[in-house]
Number of protein chains: 2
Amino acid sequence: MHQLKFERIPRATISRLAVYVQELEVMEQQGIKVISSEKLAQLCGVNPSQIRKDLAYFGEFGVRGVGYYVHELREAIRQSLGLDRTWNVVLVGVGNLGRALLRHNLLRKRGFVIVAAFDCDPFKIGEEIAGLEVNCTSKLPKSTRDMNVEIGIITTPPERAQRAANYLMEGGIKGIVNFAPSRISTPENISVEYVDFINHMFSVAFNITQKQIRGLL
Amino acid sequence: MHQLKFERIPRATISRLAVYVQELEVMEQQGIKVISSEKLAQLCGVNPSQIRKDLAYFGEFGVRGVGYYVHELREAIRQSLGLDRTWNVVLVGVGNLGRALLRHNLLRKRGFVIVAAFDCDPFKIGEEIAGLEVNCTSKLPKSTRDMNVEIGIITTPPERAQRAANYLMEGGIKGIVNFAPSRISTPENISVEYVDFINHMFSVAFNITQKQIRGLL
DNA sequence: CTGCCATTGTTAAAAAATTCACTATGCATC
DNA sequence: GATGCATAGTGAATTTTTTAACAATGGCAG
């Protein structure tokens, strides 16, 4: 019998669960009803044990000898991750990336609703993007409190990321996703995630270089 | 005396090195000449030993009793990562995100030059964005070979990511950075990185939920 | 209802990554 | 030139994560 665990759940597990959800969704669309950890692992590029272990942190979702029911598993993971609800989000920094996110429908599809956008550039304030009017950043703290916002997205230039974070915290936000390529400092109780695509460019560049070097040996 | 190591370098090390470079750049702009692993660690939110170990994979860059010379260290890391050159890049999928990346100047600043953009939507073909004309994806393989492109960025919808990847591979590309939320399958010799911001949204949502649950106990 | 098969859940082992603790060494001071 | 101090580099210990192996069990066939 499974019992609730209070083990710390590895970060990597969470990000793999997100991948599983994605793949399960695709399968569901394709009409696949049942999947084994073996097959799912193959699709996600991980080890089957890994999947079973990841899921074990949250409960028993499979049927021995059969596998996992696709829809059921997807729902179970979504619930485990706290995605069976909507989250109000605000965005700070209406540059290229900010605009792209405002117009991106995947966020909404996943339950993240951007309810306000802020920028400190007077030329941008008042502009309407994807049905939202850009507001002055100074109004952020009050707005987020009024609108019950829990998550902030930072898409400012790096040098303004910390200031954006401060406004967000003043507004009582609990989590920040920072797209700016700079670290921000926050108290322990705020969870911060960095989306650092340059980082990934670096990794690819490095891997290619390495392969070339190895190839020469 | 340090000697070249052929140990496998952890992925996490690479992504931390990218962070170090960022922070070192900021320091350099602020006129800071020397930094200790202790201080740098604090800024990057990691352990000082971690920094020293990460650097040790590539060489000895510090001065005992003093620390690291900021400019020198930054250059050393850039060189170690293979960033002391420019990389030709193509982008597939000119949606919101694709456009944002095309207009984003950080890529170029880091030596990643987007030399062509592709999309399969006839309405987008011919459009000019950030000085680049959008081309039909069918032309991709020839173009990338002609232009000596090594890295491809995928910003298509998830269901078209694999197709984009196939075109890129046909074009002889060596690395892919996939912004679409779907896994792609590639042979071993292609290095693939996933930039999955939804993933990070999930993580933040999960962390907030967890804290609330713990708070109730 | 019994027994077999497939596949999960779980425990143990292995591998990898991180942190600690200490050694080595460059610089500054006297 | 010797001494002390600060901090890098490094090997060992610890912790974390991943993988492997296997025991448990639900479903299905007969």
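All values below were derived from every heavy atom in this structure, side-chain atoms included, with hydrogens, water molecules and symmetry-related copies excluded. Numbers restart at 1 for each chain; the letters A, B, ... are given by sequence-line order, proteins then strands.
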Chemist: Atom pairs, N/O to N/O, protein against nucleotides 22-24 of chain C, distance under 3.5 Å?
Modeler:
unit_1	atom_1	unit_2	atom_2	d
C/dA24	O4'	B/R64	NH1	3.4
C/dA24	N3	B/R64	NH1	3.2

Chemist: So, applying side chain to side chain contact (heavy atoms under 4.5 Å, CB included) with B/L101, which one of B/V89, B/I153, B/L106, B/V94 is it?
Modeler: B/I153
Chemist: Look at B/Y69 and D/dA8 and indicate whether a side-chain polar atom (N or O) is within less than 4.0 Å of OP1 or OP2.
Modeler: no
Chemist: How would you list, by chain and number, every residue that makes a side-chain hydrogen bond (donor to acceptor under 3.5 Å, both in side chains) with A/E25, sequence neighbours excluded?
Modeler: A/R74, A/R110
Chemist: Listed in order of residue number, which residues of residues 34-45 of chain A have a non-hydrogen atom at under 4.0 Å from DNA chain C?
Modeler: A/S36, A/S37
Chemist: Residues of residues 183-199 of chain B with any non-hydrogen atom less than 4.0 angstrom from an atom of DNA chain C: list those, numerically ordered, please.
Modeler: none
Chemist: What residues form a salt bridge (charged side-chain N to carboxylate O under 4.0 Å, His left out) with B/R103, not counting sequence neighbours?
Modeler: none
Chemist: Got a sec, which residues hit side-chain hydrogen bond (donor to acceptor under 3.5 Å, both in side chains) with B/R11, two or more places apart in sequence or on another chain?
Modeler: B/E193
Chemist: Given the rule in the side-chain contact (heavy atoms from CB on, under 4.5 Å) test, do A/R99 and B/N96 qualify, once you have shown the distances and angles that lead to the verdict?
Modeler: CA-CA 8 Å; A/R99 276 166 218 270; B/N96 292 321; over 6 Å; no
Chemist: Could you tell me if the side chain of B/I151 sits less than 4.5 Å from the side chain of B/I176, heavy atoms only?
Modeler: no
Chemist: Take atom CD in B/E28; do more than 12 heavy atoms of anything else shown fall under 6.0 Å from it?
Modeler: yes
Chemist: Does the side chain of B/N166 pick up a donor-acceptor pair with the side chain of B/Q162 at under 3.5 Å?
Modeler: yes
Chemist: For nucleotides 17-19 of chain D, print each protein N/O atom paired with a nucleotide N/O atom at under 3.5 Å, atom names and distance only.
Modeler:
unit_1	atom_1	unit_2	atom_2	d
D/dT18	OP1	A/R16	NH1	3.0
D/dT18	OP2	A/R16	NH1	3.4
D/dT18	OP2	A/R16	NH2	3.0
D/dT18	OP2	A/Q50	NE2	3.4
D/dT19	OP2	A/Q50	OE1	3.3

Chemist: So, using salt bridge (charged side-chain N to carboxylate O under 4.0 Å, His left out) as the criterion, who are the partners of B/R183 when residues are at least two apart?
Modeler: B/D196
Chemist: Between atom CD in A/E60 and atom C1' in C/dT10, what is the gap in whole Å?
Modeler: 10 Å
Chemist: Going by the rule salt bridge (charged side-chain N to carboxylate O under 4.0 Å, His left out), which residues pair with B/E23 if we only count those two or more places apart in sequence or in a different chain?
Modeler: none
Chemist: Starting from the first five and the last five pairs of the helix from C/dC1-D/dG30 to C/dC30-D/dG1, work out the angle between the resulting helix axes, to 10 degrees.
Modeler: 10°
Chemist: Not counting sequence neighbours, which residues clear salt bridge (charged side-chain N to carboxylate O under 4.0 Å, His left out) with B/K174? List them please.
Modeler: B/E150
Chemist: Looking only at the aromatic ring of each residue, does the gap between the centers of B/H200 and A/F179 stay below 6.0 angstrom?
Modeler: no
Chemist: Kindly indicate whether the side chain of A/L73, heavy atoms from C-beta on, has any atom under 4.5 Å from the side chain of A/I77.
Modeler: yes
Chemist: Rounding to a whole Å, what distance do you find between B/I51:CD1 and C/dA17:P?
Modeler: 18 Å
Chemist: Side-chain contact test, heavy atoms from C-beta onward, threshold under 4.5 Å: evaluate it for A/V70 versus A/V34 and give yes or no.
Modeler: no
Chemist: Show me the pairs that pass salt bridge (charged side-chain N to carboxylate O under 4.0 Å, His left out) and involve residues 45-54 of chain A, at least two apart or across chains.
Modeler: A/R16-A/D54
